[in-house]
Amino acid sequence: MFKRIAVMTSGGDAPGMNAAVRAVVRAALDRGVEVYGIRQAYAGLLAGNMELLTSREVSGIIQRGGTILQTARNEEFKTKAGQSRAKRNLHQRGIEAVVVIGGDGSLRGALALECLGFPVIGVPASIDNDINGTNMSIGVDTALNVIMDALDRIRDTATSHTRAFIIEVMGRNCGYLAITAALIGGAEIVITPEQHVPMEEVAQALSNAYSRGKSHAIAVIAEGASYRTADLSNYLTNERSVGFEIRLIILGHIVRGGSPTAFDRLLATRMGVKAVELLLDGQTGLMVGLDGRDMVGIPIKDATGTMRPLNESFFAMHNFLSR
Ligand code: ADP
Ligand code: F6P
């Protein structure tokens, strides 16, 4: 079986990536396998930026946000020439397999290596929760907790001033963070890429909240919505009176930072260990997924083929809970 593998974190960083790296390194060392850490994702792989990780190098990182291996986005790796060079760099160091911890794009990159005959296992890590084949990706729970905390704080000040806040959250093309935040943060209205809401309808929801005597209102908008958050804010401020004074907040990268929650640490730990187990079991081209209470391996091509759909019942619930 393998004597030397590598691990990397790629795409947008997600809280819990470090916990996953630690789990991969220690699970592998426990089975007599050496682990190289590739720095700065596919860019580092192409530059040969990798070094042996010992158990000590992954000490004291389980609670740290971001990624000690750093991450990057890289266009060259999307080309066949880049992928072949990456494979050569791995062979040159005697690395026989790689664990890729990252989002949808990073997993597509892993699949490209697998197509060249290089063994890979993927671990889903992205705050967006847009990856199919797993109930949750690493980082989602922490991001949701940050958003929830922000919404609670914003409501305090909104109530004091009788204001409505438009709050934009990340998620790229996926509305998971937005709809879930709306449910757990008690937002009056939510706008996602999956469910278009005309600006007039947003205005109506806020105006209804005002008429019902609410002292605050919150509209959560996903960054991937069909109109820009600034345009919505402008509409509600200048073109349509809803009773409340309007304020706009873009939470942006704040949501991606911070110490991973207990859920994310455990998820990342279990996923990292499972990745090593799958590799040592001779499996390749799989992504680790959380299925119910179990860790499973599913083909990366199935996980990356389509975006994880939202649970329709979340919208139905939000409809009557927001009144
Ligand atoms: P995430 O992994 O968070 O979704 P990206 O979509 O930016 O982030 O992907 C991260 C990196 O993965 C890209 O910069 C690129 O190097 C690599 N990648 C993305 N898509 C592909 C692809 N189709 N083939 C090969 N590599 C890819
Ligand atoms: O995929 C994670 C994510 O945070 C998305 O929610 C967001 O659209 C994107 O990354 C932002 O990327 P960057 O950090 O390159 O601005």
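Keep in mind that this is a model prediction, so the values were computed, not measured. Indexing begins at 1, ligand by ligand and atom by atom, following the structure's order.
Those atoms of ligand 1 that come under 4.0 Å of a heavy atom in Q83, given as number and element, are 25 (C). Of all atoms in ligand 2, numbered sequentially from 1 with element shown, those under 4.0 Å from a heavy atom of G171 are 6 (O).
Minimum heavy-atom separation, M8 to I38: CB-CB, 3.8 Å.
Protein heavy atom closest to atom 15 (O) of ligand 2, with residue, atom name and distance, is R73 NH1, 2.5 Å. The nearest protein atom to atom 3 (O) of ligand 1, hydrogens excluded, is given as G12 N, 3.2 Å; this is a heavy-atom distance. At the top of the distance list for atom 16 (O) of ligand 1, counting protein heavy atoms only, stands N74 O, 2.6 Å. Regarding atom 5 (C) of ligand 2, its nearest protein heavy-atom neighbour is D128 OD1, 3.4 Å. For atom 10 (C) of ligand 1, the closest non-hydrogen atom of the protein is S106 OG, 3.6 Å. Ranking the protein heavy atoms by distance from atom 8 (O) of ligand 2 puts E223 OE2, 2.5 Å first. Looking only at heavy atoms of the protein, atom 23 (N) of ligand 1 is closest to R108 CB, 3.7 Å.
On a distance-only criterion, Y42 and ligand 1 share no N/O pair closer than 3.5 Å. Considering backbone and side-chain atoms together, R73 places an N or O closer than 3.5 Å to an N or O of ligand 1. Residue K78 places no N or O, backbone or side chain, under 3.5 Å from any N or O of ligand 1.
When each of L206, N208, V202 is paired with V242, the side-chain contact (heavy atoms from CB on, under 4.5 Å) condition holds for L206 and for no other.
Salt bridge status for R256 with D13: present, with a side-chain N to carboxylate O gap under 4.0 Å. A salt bridge is defined here as a Lys NZ or Arg NE, NH1 or NH2 lying under 4.0 Å from an Asp or Glu carboxylate O, and R153 with D156 fails to meet this definition. Taking 4.0 Å as the cut-off between side-chain N and carboxylate O, E188 and K214 count as a salt-bridged pair.
Taking each of G105, G102, A110 in turn, the one with a heavy atom nearest to atom 4 (O) of ligand 1 proves to be G105. Summarising the contacts of atom 10 (O) of ligand 2 with R256, H253, M170, the nearest heavy atom is found in R256. Of the listed options A41, G11, A14, A125, G11 places a heavy atom closest to atom 8 (O) of ligand 1.
Residues T304 and D104 bring no donor and acceptor atom of their side chains to less than 3.5 Å of each other. In summary, the side chains of E200 and Y235 do present a donor paired with an acceptor at a separation below 3.5 Å, with no hydrogens or angles considered.
Contact analysis leaves G103 out of contact with ligand 2, as no non-hydrogen atom separation drops below 4.0 angstrom.
Between F244 and Y210, the two ring planes are perpendicular [angle over 60°; tilted spans 30° to 60°].
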Worked check of ring-ring contact (aromatic ring centres under 6.0 Å, His included) between H216 and F165: CA-CA 8 Å; H216 63 267; F165 276 74; over 10 Å; no
Criterion side-chain hydrogen bond (donor to acceptor under 3.5 Å, both in side chains) on Q204 and R240, from CA distance to verdict: CA-CA 10 Å; Q204 200 54 55; R240 178 75 160 71; 3.1 Å; yes
Would you give me the side-chain donor-acceptor pairs under 3.5 Å for residues 26-35, sequence neighbours excluded?
| from | atom 1 | to | atom 2 | distance (Å) |
| --- | --- | --- | --- | --- |
| R26 | NE | S55 | OG | 2.9 |
| R26 | NH2 | S55 | O | 3.0 |
| R26 | NH2 | S59 | OG | 3.2 |
| R31 | NH1 | A27 | O | 2.9 |
| E34 | OE1 | R4 | NE | 2.8 |
| E34 | OE1 | R4 | NH2 | 2.9 |

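Counting heavy atoms closer than 4.0 Å to ligand 1, residue R172 contributes side-chain atoms (C-beta onward) but none from N, CA, C or O.
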